[in-house]
There are 2 protein chains.
Amino acid sequence: MSGARSGSRVRDREGVERVPEGVVTIHDVAREAGVSIATVSRALAGSATVAPATAGRVRRAAAALGYEPNRAARQLVTGRGQSVGLVIPDLENPFYSSVAKGMQNRVRAAGLTAIIADTDEDVAREREVLAQLATDVDRLILASPRAADTDLLALAARSRVVLINRSLAGVPAVTGDNADGIRQALGHLLALGHTRIGYAGGPVTSWSDAERRAGLTAAVDAAHDQGRGVTIVDLGAFRPGPAGGLAAADLAISERVSAVLAFNDQLALGLLGRLAERGVAVPEAMSVVGFDDVPVARLLAPALTTVVVPAQRMGAAAVDLLLAGTPAARPEDGPGALLRVLPVELQVRRSTAQAAGRRER
Amino acid sequence: MSGARSGSRVRDREGVERVPEGVVTIHDVAREAGVSIATVSRALAGSATVAPATAGRVRRAAAALGYEPNRAARQLVTGRGQSVGLVIPDLENPFYSSVAKGMQNRVRAAGLTAIIADTDEDVAREREVLAQLATDVDRLILASPRAADTDLLALAARSRVVLINRSLAGVPAVTGDNADGIRQALGHLLALGHTRIGYAGGPVTSWSDAERRAGLTAAVDAAHDQGRGVTIVDLGAFRPGPAGGLAAADLAISERVSAVLAFNDQLALGLLGRLAERGVAVPEAMSVVGFDDVPVARLLAPALTTVVVPAQRMGAAAVDLLLAGTPAARPEDGPGALLRVLPVELQVRRSTAQAAGRRER
DNA sequence: CTGAAAGCGCTAACAA
DNA sequence: TTGTTAGCGCTTTCAG
């Protein structure tokens, strides 16, 4: 094994010395600093067993040469990759864009790289993506995964996994406080005098939707206990894009509800658009509440009343959980042991008003 | 060098044979198929110099064992990575979300992985990101880069680079037809009788904005040649987010223009919001035209008239250009040689109407 | 505290 | 057509 192979290539065909471009290896640094490559490796890794003077010399040499360690080589020997994967249902959904942004920022701050994959809200696609990603990434963040519990568990057994908007025994996860969010939203509508309220749900496979529905049921029960009557009309399950909101709007009108709680802002956006098209004034004739608070929500006319979910923070939190010494999955712990629930808050804007019947107050 | 080291680990401490999980190497496949690792490598790479029978055996063995080649190892030896990087200014800008989505889809279809990095519309951040990315990716797609020509050229000399929304001598690029788009938009406004039109520009560092301004000037000159008078009021340069649109709206009002051409939809969104806030009816009192056609544009009330730029297709096209045998950068060719200009089309919706003075027609 | 040396899993000459 | 072998650049024992 010849120890001095690199460096020769810093001379081009004319034999002129040039700055080695991009191909500076650990050997070059070693030669420059007058030490062995092992020492360079240790010094740059911040090992305590390197004399301060030596370490300084190495660091200076590395900087002077513009040395950047080769990630492939490092990964090959350590077996641990330098990247984390993020799987999200739809990059064009602003909520996930924000999650991705927060995640990507934090990942890069940690000196790692973020690999992002989009599954188009499709289970089969998700499976493909996961299989492909699993081969070159051993740390994964899954946002709103549609996969079955067993598949997720199998994945978590091989790789470090953090879930966003889903909880599973023993797998660390980050979610928003769905039940509380829907409770706040319902409370707001009740305070405005609405008694017949539609719920435009998300996909049946959505864990978040299940949580929000459960929270809604609980909140309705609580209201009844306090002697307040409310009727929730289940408008159905919709694809969580604006298109789904169109259908939901028509249903809301024919069901004669005075307010609609939408599974997410995308749905609410579609609702607003269709309602305007059909000449139903918002909020005068119909109140609409969203969920997520995507950036455009406040720019709409009327601005959307919605539950603020800290999307970027969720992405960042997931990274933190992933990078922290997450204990191995232990199903005995049950869900919740590693669950980070972020608080959410209702943001009242222009899309909600008093129920029509109560207008005279 | 011991040729048979792996495989021993398929027995765990109790000595029970198990399916080797995730650590199947080329050696395991070679043993299973009864050939050498070199043959496995060739067979799986689809080399023609392998006997069909052997190739079949290898492929079967690989499948049976669930073999997935180690990317780090491959990259280390070939020097060529399996991933392509995408650098975009802002993931939360829906236009770039779409670009990212199109890019990511195509990249994954090609069996590669997409690394996405966000620069927050910041030159310094972009530099950082580029430096970090350059170390582990040798194929890069840069969307609307803010970096100086020289830096970009230097980068292109080391890595395969494709630009989106920027053109540079010898570097392949994909853009929308900015001049034509603005021409269509202006023509629409002229047809509606507007004669005093505001232009809400993007950042001064934006190549797209420069193109659109140039296109606007040319279109105005053409109009004058046809005896149609138009005055374009430069409202200024704004950060391309909705916040920028707020300021632009106030300026548009005080400048008494009857229509505004916005650099992009984000700006238009902010404009619409602020205009509504100030009680200026759109389109009755003020027409607004955007650029990009982000998904929400059609959902606004009023729906936004805008220039449709095929964002996803741009992302995909950039990948195609990147993966095709792109010729090395040859500045002699000048810009244009490797430039793929995608057609754009004005989509007329509700945010534009006849100029107030002409209402009586 | 430092250096020598052994590979990580794979591809690509070079032989056979 | 196939096998042998030399590394890719790096981390990490194991000796000094």
Side-chain angles (χ1 to χ4, degrees), chain A residues 1-10 20 22-58 61-62 65-82 135-136 138, chain B residues 1-9 20 22-31 33-58 61-62 65-82 135-136 138:
Chain A
M1 225 173 261
S2 71
R5 67 221 146 187
S6 69
S8 59
R9 51 168 93 103
V10 302
V23 289
V24 185
T25 79
I26 198 173
H27 288 99
D28 300 314
V29 179
R31 194 161 357 84
E32 180 78 11
V35 296
S36 76
I37 61 166
T39 299
V40 174
S41 179
R42 290 187 200 106
L44 263 27
S47 166
T49 70
V50 177
T54 317
R57 208 143 31 91
V58 170
L65 264 39
Y67 171 68
E68 286 285 353
N70 179 317
R71 299 199 159 208
R74 192 204 299 257
Q75 168 160 2
L76 181 56
V77 60
T78 60
R80 155 129 301 194
Q82 265 62 52
T135 72
D136 45 50
D138 57 353
Chain B
M1 222 173 260
S2 72
R5 65 214 152 197
S6 68
S8 59
R9 50 168 92 104
V23 289
V24 186
T25 77
I26 199 172
H27 288 99
D28 300 312
V29 179
R31 192 161 2 80
V35 297
S36 76
I37 60 165
T39 300
V40 174
S41 178
R42 289 185 201 110
L44 265 26
S47 164
T49 69
V50 178
T54 317
R57 208 144 31 91
V58 170
L65 264 40
Y67 170 68
E68 286 285 354
N70 180 316
R71 298 197 161 210
R74 191 201 297 249
Q75 168 160 2
L76 182 55
V77 60
T78 62
R80 153 132 303 196
Q82 265 62 52
T135 73
D136 45 50
D138 58 352

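This one's a predicted model, so the numbers in the text were calculated from it and none came from an experiment.
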Visitor: Find the distance B:Q75:CD to C:dA12:P and express it as a whole number of Å.
Guide: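 Rounded to the whole Å, the gap is 14 Å.
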
Visitor: For the CG atom of B:L65 and the OG1 atom of B:T25, what is their distance to the nearest 0.5 Å?
Guide: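 Answer for the CG-OG1 pair, B:L65 versus B:T25, is 9.0 Å.
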
Visitor: Please report the interatomic distance CD1(A:I37) to CZ(A:R42), rounded to the nearest 0.5 Å.
Guide: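 Reported to 0.5 Å precision, the distance equals 10.0 Å.
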
Visitor: Check B:A30 against B:V40 and note the closest heavy-atom contact, atom names and distance.
Guide: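 Result for this residue pair: CA-CG2, 3.6 Å.
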
Visitor: Can you tell me how far the OG atom of B:S36 sits from the CZ atom of B:R31, to the nearest 0.5 Å?
Guide: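 The OG atom of B:S36 sits 13.0 Å away from the CZ atom of B:R31.
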
Visitor: Listing time: all N or O pairs from protein to nucleotides 3-5 of chain D that are below 3.5 Å?
Guide:
unit_1: D:dG3; atom_1: OP2; unit_2: B:S36; atom_2: N; d: 2.9
unit_1: D:dG3; atom_1: OP2; unit_2: B:S36; atom_2: OG; d: 3.1
unit_1: D:dG3; atom_1: OP2; unit_2: B:T39; atom_2: OG1; d: 2.6
unit_1: D:dG3; atom_1: N7; unit_2: B:R42; atom_2: NH1; d: 3.4
unit_1: D:dG3; atom_1: N7; unit_2: B:R42; atom_2: NH2; d: 3.1
unit_1: D:dG3; atom_1: O6; unit_2: B:R42; atom_2: NH2; d: 2.2

Visitor: Work out which heavy atom in A:A43 is nearest to a heavy atom in A:V50; give both atom names and the distance.
Guide: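 For A:A43 versus A:V50, the nearest heavy atoms are N-CG2, 3.9 Å.
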
Visitor: Taking atom C1' of C:dG7 as reference, at what distance in whole Å does atom CZ of A:R74 sit?
Guide: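 Taking atom C1' of C:dG7 as the reference, CZ of A:R74 is at 17 Å.
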
Visitor: Rounded to whole Å, how long is the line connecting atom CD1 of A:I26 with atom P of C:dG7?
Guide: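 It is 19 Å, rounded to the nearest whole Å.
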
Visitor: Take the protein atom CG of B:L44 and the nucleotide atom P of C:dG9, then report the distance between them rounded to whole Å.
Guide: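 These atoms are roughly 16 Å apart.
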
Visitor: Counting side-chain heavy atoms from C-beta on, which of C:dC10, D:dT1, D:dG9 comes nearest to B:A51?
Guide: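 The listed nucleotide nearest to B:A51's side chain is D:dT1.
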
Visitor: Using OP1 and OP2 only, check whether a side-chain N or O of B:T78 sits under 4.0 Å from D:dC8.
Guide: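 B:T78 to D:dC8 OP1/OP2: no side-chain N or O under 4.0 Å.
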
Visitor: Kindly compute the distance separating CZ (A:R71) from CG (A:L76), expressed to the nearest 0.5 Å.
Guide: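 Result: 15.0 Å between the selected atoms.
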
Visitor: A:H27 has an atom NE2; how far is it from atom P of D:dG9, in whole Å?
Guide: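 Nearest whole value for this atom pair: 8 Å.
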
Visitor: Would you call A:V58 and A:L44 a side-chain contact if the rule is heavy atoms closer than 4.5 Å?
Guide: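 Side-chain contact under 4.5 Å: yes.
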
Visitor: Taking all heavy atoms of B:Q75 and all of A:A72, pick out the closest pair and write down the distance.
Guide: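 For B:Q75 versus A:A72, the nearest heavy atoms are CG-CB, 3.6 Å.
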
Visitor: Testing the basics here: between A:R74 and A:P69, what is the closest heavy-atom pair and its distance to 0.1 Å?
Guide: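 In this case the closest contact between A:R74 and A:P69 is NH2-CG, 3.0 Å.
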
Visitor: Output the rounded distance in Å from CZ (A:R71) to C1' (D:dC8).
Guide: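 After rounding, the reported distance stands at 18 Å.
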
Visitor: Measure CG/A:L76 against C1'/D:dG9 and give the value in whole Å, please.
Guide: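 Value for this atom pair: 9 Å.
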
Visitor: Mind calculating the distance between CD (B:Q82) and C1' (D:dC8) to the nearest angstrom?
Guide: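 In whole Å, D:dC8 C1' and B:Q82 CD are 14 Å from each other.
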
Visitor: Taking five pairs at each end of the helix from C:dC1-D:dG16 to C:dA16-D:dT1, what angle separates the two helix axes (nearest 10°)?
Guide: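 Its terminal axes enclose an angle near 40°.
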
